Each structure stands twice: as structure tokens, then as C-alpha cells.
Amino acid sequence: MNQQATTGQAFRATLKRDLIIAYKRKNDLVNPFMFFLIVATLFPIGISPGPDRLGEIAAGVLWISALLASLLAMDNLYRSDYEDGSLEQLLLSPHPLYFLVLAKNISHWLVSGLPVVLVSPLIAYMLNLPDAAYAALFITLLLGTPVLSLLGSIGVALTVGLGSRGLILAVITLPLSVPVLIAGTLTVQETLNGASLGGYLAIMGAMLLAALTLAPLASSAALRISVN
Amino acid sequence: MNQQATTGQAFRATLKRDLIIAYKRKNDLVNPFMFFLIVATLFPIGISPGPDRLGEIAAGVLWISALLASLLAMDNLYRSDYEDGSLEQLLLSPHPLYFLVLAKNISHWLVSGLPVVLVSPLIAYMLNLPDAAYAALFITLLLGTPVLSLLGSIGVALTVGLGSRGLILAVITLPLSVPVLIAGTLTVQETLNGASLGGYLAIMGAMLLAALTLAPLASSAALRISVN
Amino acid sequence: MFETIQFSSLGEFFEMGGYAFNVWSVYMLFILFFFINLYFPLLKKKQIIREQKRRLVVSKESTIEISET
Amino acid sequence: MWLWFSKLGSPKWFYELSGRWLPWLVIPMALLLIVGIVWALLFVPPDYQQGNTIRIMYIHVPFASISLAFFPLMAVAGTITLVWRMKLADMVAKQAAPLGAWFTALALASGSIWGSDIWGTWWIWDGRLTSMLLQFFLLIGVISLRSALEDTDAAAKACAVLSIVGCINVFVIKFSVDWWNTLHQPAGDFSLSDEAANPPEVWVPLVIMIVAIYLFFAVSLILSTRNEILQRERRAQWVQELVEGH
Amino acid sequence: MVAVETESGLAETSRLTMLNGESLFCERDDRVLFENLDFSLREGQVLQIKGSNGSGKTTLLRILCGLNDSYEGKIFWYGDPIEEKVEQYYSSLIYIGHRVGVNKVLTPVENLRWSCSLQQQVADEEIYAALAKVGLRGFEESQCFTLSAGQQQRVSLAKLLLSHAKLWVLDEPFTTLDASGVKQLEGWLRDHADKGGAVMVTTHHSLSVTDLQMLDLG
Amino acid sequence: MVAVETESGLAETSRLTMLNGESLFCERDDRVLFENLDFSLREGQVLQIKGSNGSGKTTLLRILCGLNDSYEGKIFWYGDPIEEKVEQYYSSLIYIGHRVGVNKVLTPVENLRWSCSLQQQVADEEIYAALAKVGLRGFEESQCFTLSAGQQQRVSLAKLLLSHAKLWVLDEPFTTLDASGVKQLEGWLRDHADKGGAVMVTTHHSLSVTDLQMLDLG
Ligand code: HEM
Ligand SMILES: Nc1ncnc2c1ncn2[C@@H]1O[C@H](COP(=O)(O)OP(=O)(O)OP(=O)(O)O)[C@@H](O)[C@H]1O
Ligand SMILES: Nc1ncnc2c1ncn2[C@@H]1O[C@H](COP(=O)(O)OP(=O)(O)OP(=O)(O)O)[C@@H](O)[C@H]1O
Ligand SMILES: [Mg+2]
Ligand SMILES: [Mg+2]
């Protein structure tokens with residue numbers, strides 16, 4: 001005991017810590033998909049279209065709701081750590097920040113992104129999504145929401161020191177997320193038009209890979225700047 | 001000098017302070033309507049309908065975007081005051097909390113709600129809203145967004161002490177706001193169908209009056225609880 | 001008012017005129033919910049009492065310790 | 001009056017009284033449920049339009065109508081919590097929220113199973129249904145607020161405020177949503193007093209089921225409130241004696 | 001657990017009792033913080049609340065200010081229960097807690113202008129004078145997030161100089177102050193008490209004031 | 001403006017210089033906080049940084065920890081520029097700032113488990129023992145938001161007992177501690193220095209340790 005911890009150990013410890021915090025807060029687990037559900041409900045209420053019309057816009061509505069849910073959930077990724085000084089401790093760790101940030105991002109997606117993906121078919125049903133689109137929707141969300149989380153992480157890292165984060169975060173992150181939104185909805189739409197999923201999914205997979213390798217680097221740099 | 005301040009003076013001082021803070025933060029002024037703009041833009045991107053289709057859903061999209069912008073802007077209504085202890089000072093004032101809370105709500109709406117209302121015709125144009133609906137949309141937003149702010153204020157006051165506010169605030173506030181959304185979009189729709197604005201606006205006016213008298217009371221009670 | 005049973009055979013009863021799934025799933029949901037809602041509070045009561053007993057024992061032990069020293 | 005009030009507010013008194021009441025609730029509940037279910041499943045004639053799915057009504061309508069009682073109940077309890085600081089009221093309110101969510105969920109589920117045949121879809125954006133869904137969201141909101149606030153006292157008061165605001169809002173939602181879009185069976189369509197349209201063999205079992213499920217609601221609320229009392233009053237003398245007696 | 005000692009040789013009975021608590025009781029998470037706590041604070045007195053970490057000092061102060069109502073017992077303001085005199089009580093009270101109530105975006109002047117205006121009218125010149133006294137001359141127009149921890153604390157302490165409140169309730173006001181700041185604040189406490197005000201303060205320092213009372217929470 | 005005095009009679013030259021800074025310069029908002037600041041810290045030494053509020057103590061510590069890079073000058077870790085030895089430097093460093101790095105939702109044990117694991121492997125028994133030493137026995141499983149200000153500070157101080165880091169950088173660690181806590185912490189500083197570690201600390205207390213150096217920022 002009492003020897004230096006390896007980077008792997010620090011990674012696991014960070015992942016575990018964040019999951020415990022989410023578990024203790026409980027709400028962190030429930031709220032993202034409740035928010036997703038509620039926002040998705042707002043559309044039929046606000047737009048009140050006929051069932052067919054609804055089906056046409058369903059994929060877009062689901063993707064936009066997921067995007068917003070991911071955005072709102074981002075807020076507590078580094079916030080409390082910044083406020084209580086844990087973030088400084090993270091920066092002072094001898095391990096590469098990349099992995100620690102990645103651990104935080106993964107745990108955050110597990111808690112806030114995955115539930116949204118899992119509940120999406122239910123809402124898709126309520127929104128009359130055409131049957132043919134279910135698989136495409138589910139898979140694109142599964143590949144797309146981690147990208148949204150990773151991108152959002154950069155935005156949060158940049159804004160974590162600010163007083164009024166919610167909105168500025170949105171203003172920074174939403175435009176960055178547009179390509180993911182386009183890729184996601186386009187995939188669903190093209191599958192409805194009879195195209196095969198493969199090509200589109202490759203694009204989304206590439207996005208995910210790129211985000212996984214690059215975004216945590218940007219987040220790390222942003223965190224260093226914010227703490228300064 | 002140095003005599004007791006009247007409630008009116010305390011009200012004005014609070015209003016002024018919050019406006020100064022918003023002015024200094026700059027972002028508070030710009031972000032709500034930037035967010036509104038961005039979210040409204042997401043819809044044509046995510047849903048990619050033809051121009052006519054877009055016009056049909058435009059009113060709903062605008063209202064939902066306004067609702068979400070108002071929600072996200074709420075977050076910094078009491079937050080920083082809670083964190084730096086100003087909220088305690090507010091509660092320890094000898095004046096009725098109702099008026100101080102009202103002052104904060106008014107200044108918040110001026111900063112975050114009004115710009116959204118003012119920019120709405122522009123976005124309505126971008127979303128192909130039928131010409132006949134402009135007036136109705138503008139007036140309903142003008143009457144409706146203060147109600148959203150006042151309702152949101154209750155939610156923020158209840159959750160201001162929590163670590164992860166963004167989402168739970170949404171889960172509490174959005175269902176509460178649905179009647180305003182329905183009233184707003186329905187009014188626009190019915191005017192498009194040729195009905196006269198009067199009756200609908202009366203309902204929205206009544207909502208605003210009720211919110212103005214009751215919501216700050218609930219917010220005050222909630223603030224006392226949260227600080228405890 | 002009390003008419004006869006509406007089904008002539010058990011099979012017919014289970015079939016529910018083609019609506020077996022709808023009718024039975026609703027009743028099953030209800031029965032499930034009914035028993036869960038009675039069972040869990042009773043189970044919880046037992047847990048609470050067990051937990052309390054343990055606590056009482058522990059606190060007694062600790063007071064004894066203090067009085068001994 | 002005051003004496004009675006403070007006595008009722010005492011968890012101990014409630015615990016003992018409810019212990020004595022329970023059998024007198026459970027027995028009629030069981031009897032009525034058995035009679036009601038057997039009647040509904042075996043004796044009610046199939047509807048000339050809906051056939052045997054009409055039997056779903058005997059679950060759906062009681063659950064739907066009791067669901068609507070939760071917010072008023074929680075608002076009254078909340079008012080008592082805020083004004084008289086009665087602990088018991090909050091214990092009831094705390095247990096009512098999840099129970100309400102379950103009742104609402106069952107009303108939604110039974111309704112949509114019914115609707116899957118009548119309307120040909122499991123879900124439509126109709127006024128009644130949407131307002132029920134929103135009530136469900138509001139209940140979840142109350143529950144998550146309760147679990148988010150760690151301090152029992154603060155949670156009690158915060159949820160009281162939210163329940164009161166929510167209660168007003170549930171009515172507003174219902175009003176506005178009905179105004180917005182209605183397809184669901186209107187209340188008048190199935191008027192219990194209209195004997196011509198609805199013969200007694202249809203509505204008598206419905207009344208029996210409604211009463212039975214009301215009793216069930218009372219029983220399960222009392223059971224969980226008793227647990228809450230045991231938990232929160234665990235350091236009171238009488239609870240310790242009760243625990244040792246077990 | 002509770003000990004009340006007075007250090008001033010002779011209690012001046014001519015001075016009224018400003019604030020007193022009777023049989024206060026508070027528990028948190030099954031731990032009794034204090035029970036049967038009585039105290040009284042006369043005009044001209046400084047009441048220092050002592051106790052180890054977690055003994056309930058902050059909690060007591062917040063209870064007295066009405067920011068926490070999870071307690072039992074009675075609190076009186078000049079003999080009347082505080083619930084009946086809330087407005088009068090709050091116009092005579094200044095509370096500075098762990099979180100000092102200084103908005104980071106505003107300048108010291110703007111902060112004081114607002115927080116004083118909740119109780120009384122204050123002219124800008126007075127604010128500038130007070131800021132100069134607490135050693136913030138030159139920082140009047142800097143936003144508060146650029147100030148150091150101790151400087152932010154000083155902004156909130158300037159309120160003491162501006163207000164005419166009779167009762168000061170201060171939670172660890174010395175923590176971030178440097179040596180000269182400590183001395184200055186001590187002087188203000190002394191002056192305030194000598195002019196007939198009263199002070200409740202938690203601190204681990206030993207204070208030098210005329211009429212010091214101790215309340216030890218253990 | 002800058003004065004370096006040493007209180008230990010005889011400097012033990014056998015001990016290596018752990019950290020030293022050369023001609024450090026920092027200004028914020030056009031105000032020069034320090035310029036031409038030199039200091040050096042040997043193993044076994046405690047360096048107390050003094051100065052009035054706003055003189056730049058916190059800023060200096062954050063610069064040394066690499067949390068702030070708006071400075072000029074050079075900092076060396078055992079003779080090498082720290083930029084070249086970041087990893088080694090960070091494995092030997094503990095920094096406890098104004099914000100102590102204690103998550104409010106987690107328990108003290110969970111907090112320490114994580115924050116220690118960033119540097120080294122620590123067994124749970126050690127954590128419990130350390131918590132007992134800082135006076136938090138019985139609070140191991142309470143969530144930290146239920147702890148008082150001083151108790152939260154103590155959680156972060158437990159890290160000092162658990163870590164094998166050689167350099168402690170502490171920003172006003174005494175503020176919220178009660179008298180016994182102050183004494184305890186002072187003892188730990190002394191022990192750590194005597195065992196060959198080094199400490200940089202800002203505080204307005206006067207410390208009693210073997211080899212004390214002062215750095216006065218004015
Ligand atoms: C998810 C779907 C549904 C929901 C959420 C729902 C909700 C409700 C609610 C809230 C009530 C009011 C109870 C009261 O006022 O006491 C109700 C009553 C009723 N529902 Fe549904 N319902 C659903 C589907 C259906 C369907 C598909 C039918 C049948 C066609 C139906 C038939 C009725 C009837 C007959 C009543 C009694 C009306 C009365 O006497 O007031 N419901 N339902
Ligand atoms: N973010 C910032 N922007 C501009 N100036 C700053 C900023 N932070 C601190 N300062 C300035 O730097 C100076 C030093 O601040 P610092 O926090 O280092 O002081 P300190 O010596 O730690 O004081 P204290 O004893 O009050 O903690 C202060 O005068 C302050 O105005
Ligand atoms: N929100 C809370 N929930 C439960 N217990 C709490 C809460 N806040 C404080 N406590 C407990 O109350 C006790 C007293 O806390 P308080 O903050 O009053 O202490 P204090 O005397 O001010 O200590 P310090 O000198 O560290 O500031 C502590 O033991 C703490 O555990
Ligand atoms: Mg304290
Ligand atoms: Mg400092």
C-alpha cells in the first residue's frame with residue numbers, strides 16, 4: 001500500500017466517485033429522461049398537429065429534445081467540483097488530465113445520456129414515429145448522445161467559472177452540436193426513404209471516435225483556463 | 001439622511017441592483033435571445049419541412065423556444081444571491097419580502113423575457129409564420145412570458161439550495177407552464193382561423209394578473225424554506 | 001338485474017370475445033399493483049422494526065460501556 | 001376543537017387509531033373487491049359497441065377518478081404543514097406522492113390499453129390524457145424535489161409549497177387542455193344518473209369497484225404512513241417500546 | 001455544557017435587556033446541539049459564543065436571526081417574542097455570516113448601496129468614507145471578484161460602520177482579516193457596545209471589550 | 001517590500017533546496033503585487049507567507065502550484081524548472097486552498113478515497129484512522145453538507161495525514177479551526193518539517209515550528 005497510484009487507478013477512482021455522487025443525488029439519474037419526456041410532450045401540445053403530421057416531425061422532435069436534455073444535464077458536470085475546489089485537486093493530479101476528464105465524461109453520459117436513449121422508443125411511439133424509423137433512431141441516439149456529451153463538456157469547461165452558466169453554455173454548445181443533429185435526423189429520414197443505415201452510421205461512428213479522442217483534450221485545456 | 005428606508009425605496013434599490021448586475025454581466029442581456037434564436041433555428045434543421053409545413057408549426061416552435069429560453073434564464077435569478085449570502089440579507093430586510101421578490105422578478109423579465117418578445121417577429125419571419133398571426137404572437141408572448149418568469153421564480157426559489165438545479169428546475173417548472181403554452185399557441189391558431197383576439201387575450205391577462213399577485217408570495221415562502 | 005353469467009365456457013371467458021390481451025392485462029396489472037402495494041409496506045415495516053431493534057441493542061451496549069468506565 | 005386537532009396531529013395517536021381502524025377498512029375492501037371483480041368480469045353484459053373491453057372500465061374509471069384526488073389531498077396536507085407545522089400531515093403528503101404517481105400510471109396504462117382497441121392506438125394527444133400525463137409529471141416533480149432536498153424539514157415545506165401551487169395548476173391544466181383538444185369520453189357521456197343509457201347492471205358494479213378501490217387507496221396510504229411514522233419517530237419512547245414488544 | 005460568565009465586574013442594571021433566549025433546544029440529525037440554553041444580552045454588551053467545531057455556533061446565530069426555524073424555545077426582543085416584532089427586530093439587526101453577502105460582479109460601492117438600502121437611506125459619501133475606513137480606498141470601483149478573500153470580508157464589514165442597527169450578529173468575522181484588520185474590527189465592536197449597541201459574535205480570538213460575556217457551547 | 005528572515009539559528013546546509021523562485025513578478029489590474037521576489041524552501045523548512053489582505057498571498061501560492069500562470073520569473077523544483085518536472089512535482093505536492101475540495105454530497109471517507117487516489121493508493125483503514133485523528137470519529141458516514149465549516153476544513157486536512165507528499169501548500173488552513181484544531185495542525189506542520197518535508201503556509205497566526213522562515217508581502 002501507499003505506493004503511487006497508476007493512471008488506470010485514478011481513472012477508475014474518478015469514474016466511481018462521479019457515479020456515486022450521481023447515485024446519491026438520485027435526481028441526476030431520473031431528471032434527464034424526465035426532462036426529455038416533458039420536452040417531447042411540449043411539442044404535440046404546442047404544435048397540435050394531426051397524427052400523421054406528428055409522425056413526420058417526430059424524429060426531429062426526439063433529437064432536439066435529446067439535445068436539450070443533454071445540454072441541461074451538462075451543467076453539473078464540473079460545476080460542483082469547481083465550486084468546492086475539487087477541480088483544483090483534479091488539475092493538481094500527476095496523471096494526464098485527458099483520462100480523468102474522460103472518466104468524468106463517461107460517467108456523466110452513463111447517468112444522463114443512456115437513460116434518454118433507452119426511453120426514446122416509448123416517446124417515439126407517443127409521437128407516432130413511423131415503425132421503420134425506430135431502429136435508426138435508437139442507434140443514432142446511442143452513437144450521437146455521447147458526442148453531444150463530449151462536446152458539451154468543452155462548453156461547460158469553458159464556462160464553469162462564470163456566474164450565469166446555463167445560457168452561455170447553450171449559446172456556445174448548441175451551434176457545435178448542429179452537425180450531430182443533422183447527421184442524426186438525416187440518418188433517420190434516409191432510412192425512412194429506403195436507404196441503408198450503414199453509410200450514415202459510419203459517419204456517426206467517425207464523429208464519436210473523433211470526439212472521444214479530441215474533445216477531452218479541449219476540455220482539459222479549457223478547465224485549466226477556467227481555474228486560472 | 002440615515003432614516004429608515006421605505007418599502008418603495010427598497011423595491012427600487014433591488015430593481016436597480018439587479019439591472020446593474022445584468023448590465024455588468026452583459027451575457028445576461030444577450031444570451032436569452034441568442035438561445036431563443038438558436039433553438040428556433042434547430043427546428044428547421046432537425047425537422048427539415050417544406051416552407052408551408054414550417055409556417056404551420058412556426059407559432060408552436062416560437063412558443064416552445066420562448067418557454068425554454070425563459071426556463072434556462074431562470075437559473076440565475078436567485079442563484080448567485082444564494083451563493084454569496086445576499087439572499088440572507090434580503091430575507092433579513094424589514095420590508096415585506098413580496099415586494100423585493102417582485103422587484104427581482106420584474107428586473108429578470110426585463111432582462112431575459114422582453115428581449116425574446118422583441119426579437120420574436122424576426123424569427124417568426126424566418127419560420128414563415130403566416131402574416132395574420134404576427135400581432136397575436138407578439139401580444140401573447142408579451143403577456144405570457146412574464147407569467148413564465150413568475151412561475152419559474154417559484155421553481156428556482158424551491159431549488160436554489162440544490163447542487164444540480166438545471167434539470168430538476170425544468171421538471172418542476174415545465175408542467176406548470178403548460179397552460180400558458182396552450183393559451184398562447186391556441187390564441188395564435190384561433191386568430192389564424194379568424195376568431196377575434198379579445199376573448200383569448202382576456203384569459204391570458206387574467207393569468208398574468210393571478211401570477212403577479214400569487215406567484216411572488218409562493219416564491220417568498222420558498223426562499224425562506226431554501227435558506228433555512 | 002342479476003343476469004346470468006355472460007360466458008358459456010371457461011375458454012370463452014378467457015378469450016373475452018377476442019379482447020383477452022386488453023382485458024386480462026389490465027386486470028393483471030391491477031392485481032399485481034394491489035398486492036405489491038399491500039406487501040411492500042408490510043415488508044418495510046418489518047425492516048424498520050428489525051433495524052430499530054438493532055439500533056436499540058447497539059445504543060444499550062454503548063451506554064453500558066460508558067457506565068462501566 | 002384545538003385539542004382534537006393537536007391530538008390528531010400526534011403521530012402516536014394516529015398510529016394507534018389507524019391500527020384499530022385498519023381491519024374495518026380491509027374487510028369491506030376485500031369483500032367489495034371480490035364482488036366487484038367477479039361481477040365485472042362475469043356478469044356485466046358486453047357493450048354493444050366495445051364488446052368485452054367494457055370490462056376495463058371497472059379498473060380504469062376508479063383509478064382515473066382517484067388519481068385526481070391526490071393533488072388536492074397533498075395541497076391540504078401541505079397547507080397544514082405550513083400553517084400548523086403538523087408533522088403527521090407531511091408524513092401523509094410524503095407517502096401520497098409516490099402512491100399518486102402509481103395510481104396515475106395505472107390510470108394511464110389501463111386507459112391506453114383500452115384505447116389501443118377503441119382508438120386503434122395506444123396514445124393520442126387528447127385533453128384528458130395529456131392532462132393526466134402532465135399530472136404524472138408534476139407528481140414526479142414533487143417526488144424528485146423531496147428526494148433532492150436532504151433536510152427533512154426543508155423538504156416538507158418545499159413540497160408543501162409545490163403541492164399547493166401544483167394543485168391550482170392541475171385544475172388550470174385540466175381546463176386549458178380540455179379547451180385545447182378533446183376526444184376522450186366526456187364526463188356527460190357516461191352519466192351515472194342516466195338510467196336509460198346505462199342500466200344498473202352496468203353502473204352498480206362500477207360503483208362497487210369505485211368504493212372498493214377508494215378503500216384500497218385509504219388502506220395503502222395508511223400502511224405507508226404508519227411506516228413513515230415509525231421511521232421518523234424512531235427515537236420516541238412509544239416507538240421504542242413498540243419495537244421491543246415485537 | 002453551557003456556561004455563562006460575565007467579565008465586567010458590575011452589571012449595569014440601568015441598561016435594558018435587548019435580546020434573550022429561554023430554554024433553547026436544537027438538534028440536527030439526532031445529535032442535540034444545545035438544550036435548555038438560556039442567554040441574555042443587554043445593551044452595551046458583547047456576547048462571545050465559543051465552542052469547538054461543529055458545536056452549533058453558526059446554527060445558534062442563524063436561529064436568532066430567524067434564518068433557521070428548526071428549534072424549540074423562546075426568543076425575546078426587548079421582552080416581546082420576536083415573532084411579534086419581526087419588522088422592528090429586523091430593522092435593528094445586522095447579520096454577517098460565513099457567506100458575506102457581497103455580489104462578485106458589483107463594486108463595493110454598489111454592494112453597500114443596495115444592502116444598506118434594505119434598512120435605511122445612506123448617502124454615497126458615507127459609503128466612500130466607510131470603505132476608506134476599512135482599507136479599501138482605491139478599490140471602490142473594482143468589481144468584487146477581483147478582491148482577495150479578506151478584502152471581500154472588509155466590504156461586508158463596512159456595513160457595520162454605515163448602519164444604525166443596534167444589534168450586530170457576526171459569524172467568525174475575523175477569519176480572513178490580517179492583524180491590522182482584526183484590531184480595527186475589535187475597536188468597532190468596543191465602540192458599538194460603548195454607544196449602547198450589542199454584539200453577538202462567534203470567534204476563537206479572545207476579545208478585548210468593556211463588557212464581555214461568554215457563552216460556551218462546548 | 002520583500003523581506004526574508006530566518007528564525008532558525010543555523011541553516012542546515014545538508015538539506016536540499018526543494019522549491020525556489022527567482023525574480024517572480026505578478027501584477028493584477030495594473031497593481032503590482034510583487035516584483036523581484038526570490039525565495040527558497042529547503043527540506044525541513046516551514047515558509048510562512050505574511051501580508052495584509054490583498055497583498056497577493058493566495059496569488060503566490062496558486063502560481064507556485066501551477067494554477068495561475070499570469071506571472072513572470074522562474075520556479076525550480078530541486079533545481080529544475082517546474083515545467084520540466086510537472087509530473088514529479090505534482091506527485092509530491094498537496095495544495096489546500098480557500099475552497100477545500102470537499103464534495104458536499106459525499107461522505108468524508110468517499111471524499112478522501114477519491115482525492116488521495118489521485119496521487120497514491122490508500123487503504124480504507126488508514127482513512128478511518130486519519131478521520132479519527134482530525135476529530136471526525138462518528139462523522140465518517142455523514143454527508144459533508146451536514147458538517148460545519150470547521151469540520152469540512154478538517155476533512156481536507158485529513159489528507160495531509162494520509163499523503164506521502166513532501167510539499168504542503170496551505171492557504172489559511174487555520175481560519176475555521178477551533179483552538180484545539182489549531183494546535184493539532186501546528187503539530188502536524190512541525191512533524192512534517194521535522195521528517196524532512198516542507199510547508200508553505202499563509203496565515204496570520206504566529207507558528208511555533210523548528211525551522212521557520214517568513215516571507216512578507218507587505
Ligand atoms: C391513456 C388513456 C386514458 C387516460 C389517461 C384516461 C383518463 C381518464 C380520466 C382522468 C378520467 C376521469 C375520471 C373522473 O372524472 O372521475 C377518465 C374517465 C373515463 N374514461 Fe378514460 N382515460 C384514458 C382512456 C380511455 C379510453 C380509451 C376510454 C374508452 C373509450 C375511456 C373511458 C373513460 C370513461 C367511460 C370514463 C368515465 C367518464 C365519467 O363518467 O366521467 N378512457 N379517464
Ligand atoms: N481575478 C482577479 N482579477 C484581478 N485582480 C485580482 C483577481 N484576484 C485577485 N486580484 C487582486 O490580487 C490581489 C491579491 O489577491 P490575493 O487573493 O492573492 O490576496 P491575499 O494576500 O490572499 O489576501 P487575503 O489575505 O485577503 O486572502 C488583490 O489586491 C486583488 O485585488
Ligand atoms: N444541514 C444540516 N443538516 C444536518 N446537520 C447539520 C446541518 N448543518 C449543520 N449540521 C450539524 O450541526 C452541527 C453544528 O453546525 P454549526 O455549523 O452550527 O457548527 P459551528 O459551531 O458553527 O462550527 P464551526 O466552528 O466549524 O463553524 C454540526 O455538527 C453539523 O454536523
Ligand atoms: Mg460556524
Ligand atoms: Mg488569500
Side-chain angles (χ1 to χ4, degrees), chain A residues 21-22 25 27-28 30-32 34-35 37-39 41-49 53 56-65 67-69 71-77 79-80 83-84 112 159 162-171 173-175 177-178 181-182 184-186 189, chain B residues 21-22 25 27-28 30-35 37-39 41-49 53 56-65 67-69 71-77 79-80 83-84 112 162-171 173-175 177-178 181-182 184-186 189:
Chain A
I21 292 177
R25 286 222 203 100
N27 282 307
D28 286 6
V30 181
N31 284 340
M34 280 309 295
F35 176 81
L37 259 162
I38 295 176
V39 171
T41 315
L42 291 180
F43 287 94
I45 294 178
I47 298 174
S48 53
R53 284 292 164 78
E56 283 169 31
I57 63 171
V61 165
L62 280 163
W63 256 96
I64 292 172
S65 306
L67 176 57
L68 291 173
L71 176 77
L72 260 85
M74 284 331 283
D75 195 40
N76 49 31
L77 176 52
R79 158 96 54 98
S80 72
E83 279 166 5
D84 66 24
S112 71
T159 56
L162 303 177
S164 50
R165 279 147 292 209
L167 278 169
I168 187 164
L169 174 62
V171 172
T173 327
L174 285 182
S177 318
V178 165
L181 177 67
I182 293 178
T185 50
L186 210 63
Q189 218 149 42
Chain B
I21 292 176
R25 285 221 206 102
N27 282 313
D28 286 7
V30 181
N31 284 340
F33 82 76
M34 279 306 293
F35 177 81
L37 257 161
I38 296 176
V39 171
T41 332
L42 289 181
F43 288 95
I45 297 178
I47 297 173
S48 54
R53 283 292 164 78
E56 281 170 30
I57 63 171
V61 165
L62 279 163
W63 255 96
I64 292 171
S65 308
L67 176 54
L68 292 173
L71 176 78
L72 259 85
M74 283 333 282
D75 195 41
N76 50 30
L77 176 52
R79 159 94 54 98
S80 71
E83 279 165 6
D84 67 23
S112 71
L162 300 178
S164 51
R165 279 147 295 210
L167 278 170
I168 188 166
L169 175 62
V171 171
T173 328
L174 284 181
S177 319
V178 164
L181 176 67
I182 291 178
T185 50
L186 212 62
Q189 215 150 43

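Convention: sequence-line order gives letters A, B, ...; per-chain numbering from 1. Quick caveat, the model's predicted, so the values are computed rather than measured. All heavy atoms count here, side chains included; hydrogens, waters and symmetry mates do not.
Between chain B and the residues G60(A), G184(A), G46(A), the most heavy-atom pairs under 4.5 angstrom are made by G46(A).
Residues L71(B) and F35(A) come closest through the heavy atom pair CD2-CE1, 4.3 Å.
With a threshold of 4.5 angstrom between heavy atoms, L181(A) approaches chain B through side-chain atoms but not through N, CA, C or O. For L42(A), the parts lying near chain B are the backbone and the side chain together; criterion is any non-hydrogen pair under 4.5 Å. The part of L67(A) that comes within reach of chain B is its side chain, from C-beta onward, which places non-hydrogen atoms under 4.5 angstrom from that chain. Contact annotation for A73(A): both backbone and side-chain heavy atoms come within less than 4.5 Å of a heavy atom of chain B. Neither the backbone nor the side chain of L37(A) comes within contact range of chain B, judged by heavy atoms closer than 4.5 Å.
Distance CD1/I182(A) to CD1/I45(B): 5.5 Å, rounded to 0.5 Å. In this structure, the separation between CG on L72(B) and CG on L68(A) is 8.0 Å, given to the nearest 0.5 Å. For the atom pair OG1 (T173(A)) and CD1 (I38(B)), the distance works out to 9.0 Å, reported to the nearest 0.5 Å. The CE atom of M74(A) lies 11.0 Å from the CG atom of L167(B); values are rounded to the nearest 0.5 Å.
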task = Report the C-alpha separation of I64(B) and V39(A) in whole Å, then their side-chain angles, then the decisive distance to 0.1 Å, and conclude whether the side chain to side chain contact (heavy atoms under 4.5 Å, CB included) test is met.
result = CA-CA 9 Å; I64(B) 292 171; V39(A) 171; 5.6 Å; no

